[in-house]
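In what follows, a single structure is set out as structure tokens and then discussed.
So you know, we letter chains A, B, ... as the sequences are listed, proteins then strands, and number each from 1.
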2 protein chains.
Amino acid sequence: MMQKRDYKAKLDASQYKLTGQRATVLDVMIKNRGQHLSAEEVLQQARLTRPNIGIATVYRTLEKLASLEILYKGMFDSGKYRYELADEREHHHHHVVCMNCGSISEIKDDLLCELEKNIEKQGFRIVDHDLKFFGYCPACSKF
Amino acid sequence: MMQKRDYKAKLDASQYKLTGQRATVLDVMIKNRGQHLSAEEVLQQARLTRPNIGIATVYRTLEKLASLEILYKGMFDSGKYRYELADEREHHHHHVVCMNCGSISEIKDDLLCELEKNIEKQGFRIVDHDLKFFGYCPACSKF
DNA sequence: ATTAATAATGATAATTATTATCAATAGGGA
DNA sequence: TCCCTATTGATAATAATTATCATTATTAAT
Ligand SMILES: [Mn+2]
Ligand SMILES: [Mn+2]
Ligand SMILES: [Zn+2]
Ligand SMILES: [Zn+2]
């Protein structure tokens with residue numbers, strides 16, 4: 001699993017410097033590994049340790065971290081983006097969005113390679129994919 | 001392929017009545033089968049034959065038609081939804097979004113059944129999925 | 001046919017997430 | 001220290017969508 005210093009090294013290697021605000025946002029994401037947070041939720045958390053950080057800085061930082069692939073940015077419930085810490089060691093996982101409670105669960109299986117190969121035979125060049133399942137999580141599907 | 005009368009029958013069978021405005025929106029979608037239109041684009045088209053239809057009615061109608069599964073509602077380029085005519089005879093197809101020209105291409109293959117089965121073994125109940133590939137279309141991947 | 005109840009419409013205001021603007025601040029060399 | 005550039009935070013602007021509400025159309029009942 002990637003450690004805090006790995007993420008910081010990745011930022012150092014980029015054109016961006018690790019300011020206090022950026023470190024705060026990164027810390028929030030590391031503390032919430034496995035969670036899928038909205039910008040507003042990140043702001044709340046960040047203000048616990050840095051009360052006057054602005055929402056614009058949070059958006060800017062999330063965007064930068066996502067462009068460095070430190071974060072994954074995705075749309076689950078519609079209307080707003082959510083961010084989660086990425087671990088580049090492993091291929092990006094897929095999600096099950098519960099249509100009852102809204103929970104987001106992770107799927108490790110990846111059977112899309114074959115499908116991607118088929119598509120590339122047709123002349124496309126595939127660089128990424130986005131797969132979400134919608135249904136009911138184990139807790140909700142009991143009822 | 002589903003005909004206009006099939007869609008109209010589906011609407012009749014529902015709680016909604018086929019008003020003039022709704023017929024106009026449906027006609028636009030049928031005329032643009034295979035296209036992925038935004039609400040604003042539907043409005044433009046609709047106003048060609050019904051100049052004073054309002055944007056609120058377009059949104060309301062698209063929402064209704066999607067809930068009846070006459071349309072499929074999806075987010076491709078971020079920020080706005082796009083709608084396309086569904087053909088319930090066939091399982092919903094997947095998409096390749098070109099990262100250069102933005103074109104949306106269709107994929108008929110579906111290799112997700114096995115993956116869905118795996119997930120259901122873990123206690124989930126899957127009712128839908130959403131898969132998008134991002135990359136370059138044949139035209140754009142030549143360069 | 002007239003009336004009353006209900007549903008649908010269009011204009012427009014409100015909302016929400018996100019982005020742009022801009023003046024103030026911070027930090028890193030010469 | 002002084003200059004230069006990047007960053008920040010407050011706030012305005014934007015864009016898509018939804019809510020509100022008065023008006024109109026449709027249906028059902030009398
Ligand atoms: Mn995840
Ligand atoms: Mn399509
Ligand atoms: Zn659930
Ligand atoms: Zn292209």
Using salt bridge (Lys or Arg N to Asp or Glu O under 4.0 Å), reason through B/D27 and B/K4 one step at a time and then give a plain yes or no.
CA-CA 8 Å; B/D27 286 345; B/K4 183 183 292 198; 3.2 Å; yes

Can the ring centres of B/F76 and B/H95 be said to be less than 6.0 Å apart?
yes

Within the pair B/T57 and C/dG10, is there a side-chain N or O less than 4.0 Å away from OP1 or OP2?
yes

Any non-hydrogen side-chain atom of A/F133 less than 4.5 Å from a side-chain atom of A/V97?
no

How close or far is atom P of C/dA8 from atom CD of B/Q15, stated in whole angstroms?
8 Å

Gap between atoms CD and P, on A/E41 and C/dA17 respectively (whole Å):
11 Å

Given atom CG of B/L11 and atom C1' of C/dA8, what is their separation to the nearest angstrom?
14 Å

From OH of A/Y81 across to P of C/dT19 the rounded distance in Å is 8 Å

Just call it for A/R22: base, sugar-phosphate, or nothing, with non-hydrogen atoms closer than 4.0 Å on any strand.
sugar-phosphate

Residue met sooner reading DNA chain C from 5', once B/V58 and A/K80 are mapped to nucleotides
B/V58

Quick check on C/dG10: is either OP1 or OP2 less than 4.0 Å from any side-chain nitrogen or oxygen of B/Q21?
yes

Tell me whether B/K132 is salt-bridged to B/D130, with the criterion being a basic N under 4.0 Å from an acidic carboxylate O.
yes

Round to a whole Å and report the spacing from OH of B/Y83 to P of D/dA16.
12 Å

Assess the pair A/H129 and A/H94: is the distance between their ring centroids shorter than 6.0 Å?
yes

Whole angstroms only, please: what is the CG-C1' distance between B/L43 and C/dG10?
11 Å

May I have the distance from B/M75 (atom CE) to C/dA17 (atom C1'), rounded to whole angstrom?
11 Å

Between A/E63 (CD) and C/dT18 (C1'), how many Å, whole number?
10 Å

With respect to the side chain of B/R60, which nucleotide from D/dT17, C/dT21, C/dT9 is positioned closest?
C/dT9

Quick one: on DNA chain D, does B/K17 or B/I55 contact a more 5' nucleotide (nearest heavy atom)?
B/I55

Is the phosphate of D/dT18, meaning OP1 or OP2, less than 4.0 Å from a side-chain N or O of B/Y59?
no

B/T19 side chain near C/dT9 phosphate (N/O to OP1/OP2, under 4.0 Å):
yes

Using the side-chain heavy atoms of A/A56, tell me which of these nucleotides is nearest: D/dT8, C/dA11, D/dT11.
D/dT11

